[in-house]
J.: 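Have a look at this one before I ask anything.
Model, not experiment: these values are computed from the prediction. Below, read A as the first sequence line, B as the second, and so on, with proteins coming before strands; counting in each chain starts at 1.
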Number of protein chains: 2
Amino acid sequence: MANMKEIARIAGVSLGTVSNVLNGSARVRDPLRRRVEEAVQSIGYQPSALARGLRRDKTNMIGMVIPDVTNPFFPAVIRGAEDVAFSNGYRLVLCNTDNDHVKELAHLNELRTYLPAGLIVIPSNFSDLTKQAESYQRNGAAVVCIDRLPKRWQGDSVTVANEHGAAAVTRHLIRLGHQRIAVIAGPLHLTNSEQRLRGFRRAMSEAGLPVPPEYVQETSFDVPGGRAKAMLLLRLLPRPTAIFAANDMIAMGVIEATRSLGLQCPGDLSIVGFDDLEFASLLNPSLASVFQPGYQLGATAARLLLDRVRGDTSPARHIVLETELRIRESVAPPVDASQPPQRRKAATASPPGTKKRTSTRRRS
Amino acid sequence: MANMKEIARIAGVSLGTVSNVLNGSARVRDPLRRRVEEAVQSIGYQPSALARGLRRDKTNMIGMVIPDVTNPFFPAVIRGAEDVAFSNGYRLVLCNTDNDHVKELAHLNELRTYLPAGLIVIPSNFSDLTKQAESYQRNGAAVVCIDRLPKRWQGDSVTVANEHGAAAVTRHLIRLGHQRIAVIAGPLHLTNSEQRLRGFRRAMSEAGLPVPPEYVQETSFDVPGGRAKAMLLLRLLPRPTAIFAANDMIAMGVIEATRSLGLQCPGDLSIVGFDDLEFASLLNPSLASVFQPGYQLGATAARLLLDRVRGDTSPARHIVLETELRIRESVAPPVDASQPPQRRKAATASPPGTKKRTSTRRRS
DNA sequence: GATGATTTTTGAAACGTTTCATTGTGAGGA
DNA sequence: TCCTCACAATGAAACGTTTCAAAAATCATC
């Protein structure tokens with residue numbers, strides 16, 4: 001009832017003219033234009049997004065495919081994407097995949113039938129995504145992959161400097177005098193996990209420190225996983241004096257394990273995470289972490305996507321966002337009876353050892 | 001190209017027959033049905049959601065309107081709704097409103113043009129929602145309002161037992177011996193805030209305890225708000241021995257304020273929150289809180305909605321979900337020199353309520 | 001005022017479905 | 001053999017847009 005035909009009737013013009021007024025697609029003389037605009041106002045007409053999408057072969061929807069909205073890192077990403085999309089007239093369709101490639105595939109297949117303008121994906125099923133992306137691109141939809149990428153991803157991407165961030169935080173631990181540093185990595189088939197582990201290893205090997213295999217654990221990005229692996233690590237002899245957790249959820253599991261074994265953090269064990277979730281600074285001890293700009297990740301992806309939607313055909317862009325060290329109470333120099341006096345050790349590891357500590361600590 | 005006409009051509013049948021096979025809307029004899037199905041398989045045909053929606057006057061989308069996906073309570077709600085929706089073949093379109101009624105209105109107005117099957121709303125702009133809802137319902141879309149409601153909401157709703165939960169946790173504090181209990185409420189124009197405050201007042205008046213006006217503060221549901229109001233409360237004389245924060249974000253702000261004033265929790269101040277977010281139990285001290293079933297809230301709303309979509313025309317349902325007390329380390333009996341000696345010797349004798357703590361702690 | 005060039009407006013086709021009145025088919029009864 | 005009747009299959013219309021060729025109106029020039 002409230003359709004263009006009605007507007008045309010009220011304004012006494014043709015359908016085509018109404019369309020031209022609405023889309024500014026052709027010149028329309030003032031009197032007609034005014035009559036159309038008034039008619040639109042008078043009945044509060046709004047064009048059907050479905051009919052428009054059908055005809056134009058494209059809608060103003062953007063599919064956002066993420067593993068799980070309840071994982072605290074992702075909402076920030078979503079929010080960034082939503083803000084940019086919304087203010088440019090695009091809407092987000094949210095799809096949880098649970099890291100399940102069947103669900104991912106189902107979402108991708110169905111989403112396409114809505115002819116979205118684009119797709120922002122945090123992928124879980126890498127092998128298929130490339131094929132899917134091609135199929136979307138044939139439909140004229142842009143695809144941006146974020147956070148972690150399929151192995152040979154050719155399209156646009158936005159990620160963070162995982163390796164660099166991991167190396168930086170590891171070096172910080174080393175500078176404090178830690179020598180036995182363990183790592184609890186995320187699922188290693190995810191590129192971000194793998195990069196963080198690589199950064200850790202690089203920093204360790206640069207410092208000439210060994211990384212025994214049992215000091216490297218892999219788990220899912222959640223609290224129970226972190227707790228379980230930490231229990232394992234904290235029973236090793238010699239016990240690590242620091243643990244690098246591949247994200248803050250894992251780190252919280254480590255904190256729990258530490259407490260339940262009656263150990264002190266940072267006294268007996270230094271803990272660092274990755275993400276710097278909002279509440280990391282509110283834990284006790286407040287959690288040192290590598291900040292990832294989640295909001296920027298989403299916002300940048302949306303901007304990249306919109307560029308493509310508007311016709312940018314330049315070569316694929318790979319944007320890497322900076323991470324930032326956020327040192328807090330959960331890290332301190334090791335106190336380890338089995339080692340020579342701590343001060344000297346720290347001094348050998350990094351000449352201005354103690355001084356470094358206070359200076360970096362201020363950053364929290 | 002991959003449309004029904006193509007399928008009809010390949011299978012050598014008419015368009016209508018293809019439609020009938022796809023929708024099971026009419027009997028189709030086996031040989032034809034098989035040919036159609038094979039044709040569909042052979043080119044991986046999927047019907048256009050847009051064309052279908054246009055023709056049917058309804059899509060399989062559900063609009064989900066929430067204040068802000070980065071507020072940690074909402075992702076659980078979203079997830080619950082998404083799971084139920086997805087497994088029933090519906091998709092979620094996410095809309096952040098920022099509690100901004102202009103944004104809310106913009107979202108609602110545009111969403112409608114997609115002819116969604118329904119709408120799940122956590123409202124911020126109460127006056128308009130009722131009008132909007134009617135407009136959606138005229139379009140055949142169901143509307144379910146959750147978490148907090150417009151004043152005279154007539155439609156389906158799902159909320160939690162805010163008043164009951166608030167009363168329960170307040171009574172717990174009273175039983176522990178607290179007499180000077182302050183409250184930091186959420187924005188009082190939101191029904192959930194108002195209900196929580198009412199529950200608090202009810203428990204206090206039942207116990208014959210006074211609630212001086214300066215012990216009742218209002219703020220937004222976030223950490224800075226909680227911190228600011230807590231600073232205010234903790235400088236009052238006499239100082240409250242317990243603070244009921246209307247959600248966990250506020251409670252975290254209270255914890256921060258407590259620390260920054262050099263006070264001990266629970267020694268000097270007991271703190272309880274509302275929500276029981278995932279990390280509440282991981283704070284130190286772990287935060288006592290009133291658990292709200294966020295996932296259930298979303299899932300129930302989606303189920304209600306789908307009932308309506310499927311033609312249920314029974315009177316509006318108002319579902320109220322139970323809350324649950326989660327007592328943890330952040331509460332203990334008060335230690336207050338200005339009060340007469342406590343009957344419970346243990347409470348005064350033990351340094352800041354250790355005994356009581358362990359006993360209540362079991363419940364977490 | 002006639003002519004041609006240019007701008008504005010029109011109307012029909014198309015997008016890919018669903019729906020429904022119509023036509024086609026074959027079986028059973030007379 | 002013919003007539004009904006139930007059932008299957010068909011094809012055109014409709015959903016609400018956009019697009020574009022064609023028609024109409026306007027303008028500039030002579």
J.: Could you check how far CG of A:L54 sits from C1' of C:dC15, rounded to whole Å?
T.: 4 Å

J.: Could B:R35 and B:E38 be called an ion pair, given the rule that one side-chain N must be under 4.0 Å from one carboxylate O?
T.: no

J.: Is there any protein nitrogen or oxygen under 3.5 Å from a nitrogen or oxygen in nucleotides 5-12 of chain C, and what are the pairs?
T.:
{"unit_1": "C:dT8", "atom_1": "OP2", "unit_2": "A:R27", "atom_2": "NE", "d": "3.4"}
{"unit_1": "C:dT9", "atom_1": "OP2", "unit_2": "A:R29", "atom_2": "N", "d": "2.9"}
{"unit_1": "C:dT10", "atom_1": "OP2", "unit_2": "A:S14", "atom_2": "N", "d": "3.0"}
{"unit_1": "C:dT10", "atom_1": "OP2", "unit_2": "A:S14", "atom_2": "OG", "d": "3.2"}
{"unit_1": "C:dT10", "atom_1": "OP2", "unit_2": "A:T17", "atom_2": "OG1", "d": "2.7"}

J.: Are A:E37 and A:R34 close enough for a salt bridge, meaning some N to O gap below 4.0 Å?
T.: no

J.: Please report, rounded to the nearest Å, how far the C1' atom of D:dG16 is from the CG atom of A:N23.
T.: 13 Å

J.: Using a cut-off of strictly less than 4.0 Å, decide whether A:Y45 has a side-chain nitrogen or oxygen near OP1 or OP2 of D:dT17.
T.: yes

J.: Not counting sequence neighbours, list each pair that qualifies as a ring-ring contact (aromatic ring centres under 6.0 Å, His included) and has a residue in residues 82-120 of chain B.
T.: A:F86-B:H107, A:H107-B:F86

J.: In whole angstrom, what separates B:R35's CZ from D:dA8's P?
T.: 16 Å

J.: Salt bridge between B:R79 and A:D98, side-chain N to carboxylate O under 4.0 Å?
T.: yes

J.: For B:R52 and for A:A51, locate the closest nucleotide of DNA chain C by heavy-atom distance; then report the residue assigned to the nucleotide nearer the 5' terminus.
T.: A:A51

J.: Using atom CZ of B:R33 as one end and atom P of D:dT10 as the other, report the distance to the nearest whole Å.
T.: 13 Å

J.: Does A:S19 place a side-chain N or O at less than 4.0 Å from the phosphate oxygens OP1/OP2 of D:dT18?
T.: yes

J.: What I want to find out is whether B:K103 reaches B:D68 closely enough, with some N-O distance under 4.0 Å, to be called a salt bridge.
T.: no

J.: Just the rounded figure in Å: distance from P of D:dT17 to CE of A:M4.
T.: 6 Å

J.: Only one of B:I66, B:V121, B:V77 clears side-chain contact (heavy atoms from CB on, under 4.5 Å) with B:I146; which?
T.: B:V77

J.: Is there a side-chain contact between A:S124 and A:D100 in this structure, where contact means two heavy atoms from C-beta onward sitting under 4.5 Å apart?
T.: no

J.: Between A:R55 and C:dA14, is there a side-chain N or O to OP1/OP2 distance below 4.0 Å?
T.: no

J.: Check the distance between D:dT18's C1' and A:K5's NZ and give it to me in whole angstrom.
T.: 15 Å

J.: Report the distance from atom CG of B:N3 to atom P of C:dT18, rounded to the nearest whole Å.
T.: 12 Å

J.: Round to the nearest Å and state the distance from B:D57 atom CG to D:dA13 atom P.
T.: 21 Å

